[in-house]
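Reading through the structure tokens given below for one structure.
Here the structure is a predicted model, which is why all the values come from computation and not from measurement. The residues of the chain are indexed from 1 along the displayed sequence. Just so you know, ligand 1 is whichever comes first in the structure, and atom 1 is the first atom listed for that ligand. As a basis for the values below, the full set of heavy atoms in this structure was taken, side chains included, without hydrogen atoms, waters or symmetry mates.
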Amino acid sequence: MTAVRSESPELLASPSSLAFPPGFVWGAASAAYQVEGAADEDGRTPSIWDTFSHTPGRVVNGDTGDIATDHYHRFRDDVRLMRDLNLGSYRFSVSWSRVQPTGRGPAVQRGLDFYRKLVDELLDKGITPFATLYHWDLPQDLEDIGGWTVRETSDRFADYAEMVAEALGDRVPYWTTLNEPWCSAFLGYGSGVHAPGRTAPESALKAAHHLNLAHGRAIGVLRSVLPANARTSITLNLHQVRARTDSAADLDAARRIDAVGNRIFLGPLLGDGYPADLLADTAHVVDWGALVKDGDLAETSRPVDMLGVNYYTPTLVSDGRPGEQGPRHHAHGKSAYSPWPGSEHVAFHLPPGQTTAMQWAVDASGLYDLLTRMHREHPNLPLMVTENGAAYEDYVSPDGTVNDPRRIAYVHSHLTAVHRAIQDGADVRGYFLWSLMDNFEWAYGYSKRFGAVYVDFATQRRVPKRSAHWYASVARANVLPDLPKEDGGF
Ligand code: IFM
């Protein structure tokens with residue numbers, strides 16, 4: 001395989017307004033642990049993120065999701081805000097330990113009731129609910145029996161999926177099994193920068209397989225419980241991998257990262273199995289023959305109706321000599337352990353150009369390349385951009401407004417990329433901004449603001465940023481206008 005290189009390295013410039021296809025979904029996304037708070041209310045028990053965030057040294061400033069944006073209590077106001085911002089859809093996740101505290105046994109009605117009320121409120125305001133079953137918050141009790149490194153967790157996930165689908169299936173049309181299983185496996189069990197904070201390459205690979213299995217089993221359950229017109233999917237944070245040079249060694253580095261970052265999920269999920277090169281690259285780390293049982297791949301590849309793609313920044317790699325690892329973004333972790341088994345000698349580099357507050361390079365061509373690649377490789381699979389957005393150092397001005405021109409420019413360039421991918425044949429059905437509002441940014445706590453809506457965490461006051469008003473006007477028109485001059489347009 002050759003490295004994935006940009007097919008559109010030039011700036012994705014927008015010469016004039018861009019109309020999106022009729023019915024294109026304009027949404028915003030969030031995740032339970034990042035927004036809900038109410039960590040120990042109504043029967044909820046700790047997830048791995050509660051444990052992790054309460055462990056000193058794991059999260060910046062010792063921040064936790066105990067209160068977060070208090071969405072659990074303020075969801076009605078938040079949904080009103082969504083309506084005021086013309087959102088067509090809201091992507092949220094269900095907290096497993098809120099609806100099934102120990103990860104097994106009967107559901108807790110009060111937990112399910114919260115999501116029913118949220119969904120009803122959304123429907124009442126004309127906003128389509130888009131539910132994700134798992135956005136990283138495994139019940140701690142399941143971690144205590146091995147978490148994603150053991151097969152049993154896949155069975156438990158299928159049971160949990162069934163109970164949520166039975167409770168909400170009559171009113172939620174879009175279902176996603178897992179959000180970014182790569183992060184769960186490789187940041188959670190490889191680099192340890194995410195919960196549960198384990199650092200063992202073998203565990204990361206086992207987790208990846210059990211997440212694939214959990215997804216497939218959940219799809220089977222969802223299909224048997226949900227109405228025929230419900231749409232199922234999984235969301236992947238696909239890595240747009242680029243080699244720093246055309247040397248054989250750098251191209252091989254890119255191939256390895258594409259294998260362990262992308263094809264380790266795409267293969268088993270979409271019917272091609274685990275790629276031979278991945279199996280060879282990681283044979284010294286895990287016994288794949290023992291890990292993948294007969295029949296597993298038939299389960300992992302149960303058909304989905306759509307693929308969710310999350311994209312923020314490209315990944316620039318080279319063949320690295322010891323000690324030469326360049327700047328990394330969070331997805332690559334901070335520990336000395338490589339979260340990328342089978343690519344231990346690969347170096348990550350910060351691509352040139354502007355960066356966001358996460359020190360992630362701004363490069364919308366990566367989104368175009370990903371969408372068109374997915375379309376080329378799986379032409380009949382509809383795509384949805386389930387996350388895209390940027391953190392900047394936002395603040396409330398003395399006049400009470402939050403002016404965030406760089407977020408507008410970021411989103412503008414990425415929407416331009418989406419539009420161009422659609423024009424070039426990709427079947428992209430919608431776009432979800434990450435995130436609706438500032439929230440708990442995992443290991444960065446509240447220090448990074450991704451929201452279209454500013455949150456004052458001391459008072460929980462919400463202030464829509466200028467980007468929120470701008471995005472609302474794009475959503476209303478279903479047209480991306482030229483970038484305003486004050487935001488960097490011409
Ligand atoms: O905040 C996260 C989200 O939970 C998953 N995708 C990336 C976002 C920004 O880091």
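Near Glu441, meaning under 4.0 Å from any of its heavy atoms, are these atoms of ligand 1: 1 (O), 2 (C), 9 (C), 10 (O). Each of the following atoms of ligand 1 lies closer than 4.0 Å to a heavy atom of Gln34: 1 (O), 3 (C), 4 (O). Short contacts between ligand 1 and Trp442, defined as distances under 4.0 Å to a heavy atom of the residue, involve ligand atoms 1 (O), 2 (C), 3 (C), 4 (O). Taking every heavy atom of Trp136 and a limit of under 4.0 angstrom, the matching atoms of ligand 1 come to 5 (C). Of all atoms in ligand 1, listed by their number and element, those nearer than 4.0 Å to a heavy atom of Trp360 are 10 (O). Interface atoms of ligand 1 facing Glu180, defined by a heavy-atom separation under 4.0 Å, are 5 (C), 6 (N), 7 (C).
Arg242 has a carboxylate O that lies under 4.0 Å from a charged side-chain N of Asp363, or vice versa, which qualifies the two as a salt bridge.
The aromatic rings of Tyr174 and Phe130 sit parallel, their planes meeting at an angle under 30°, below the 60° perpendicular limit.
Listed by first and then second residue, the salt bridge (charged side-chain N to carboxylate O under 4.0 Å, His left out) pairs that reach into residues 83-93 are Arg91-Glu387, sequence neighbours excluded. Residues in residues 407-417 take part in these salt bridge (charged side-chain N to carboxylate O under 4.0 Å, His left out) pairs, two or more places apart or across chains: Asp394-Arg407, Asp404-Arg407.
Remark: Arg420 qualifies as a cation-pi partner of Tyr368 under the 6.0 Å distance and 45° angle criteria applied to the six-membered ring. For the pair Arg449 and Tyr454, the distance from NZ or CZ to the six-membered ring centre is under 6.0 Å and the angle to the ring normal is within 45 degrees.
On a distance-only criterion, Trp434 and ligand 1 share at least one N/O pair closer than 3.5 Å.
Between Met358 and ligand 1 there is no heavy-atom distance shorter than 4.0 Å.
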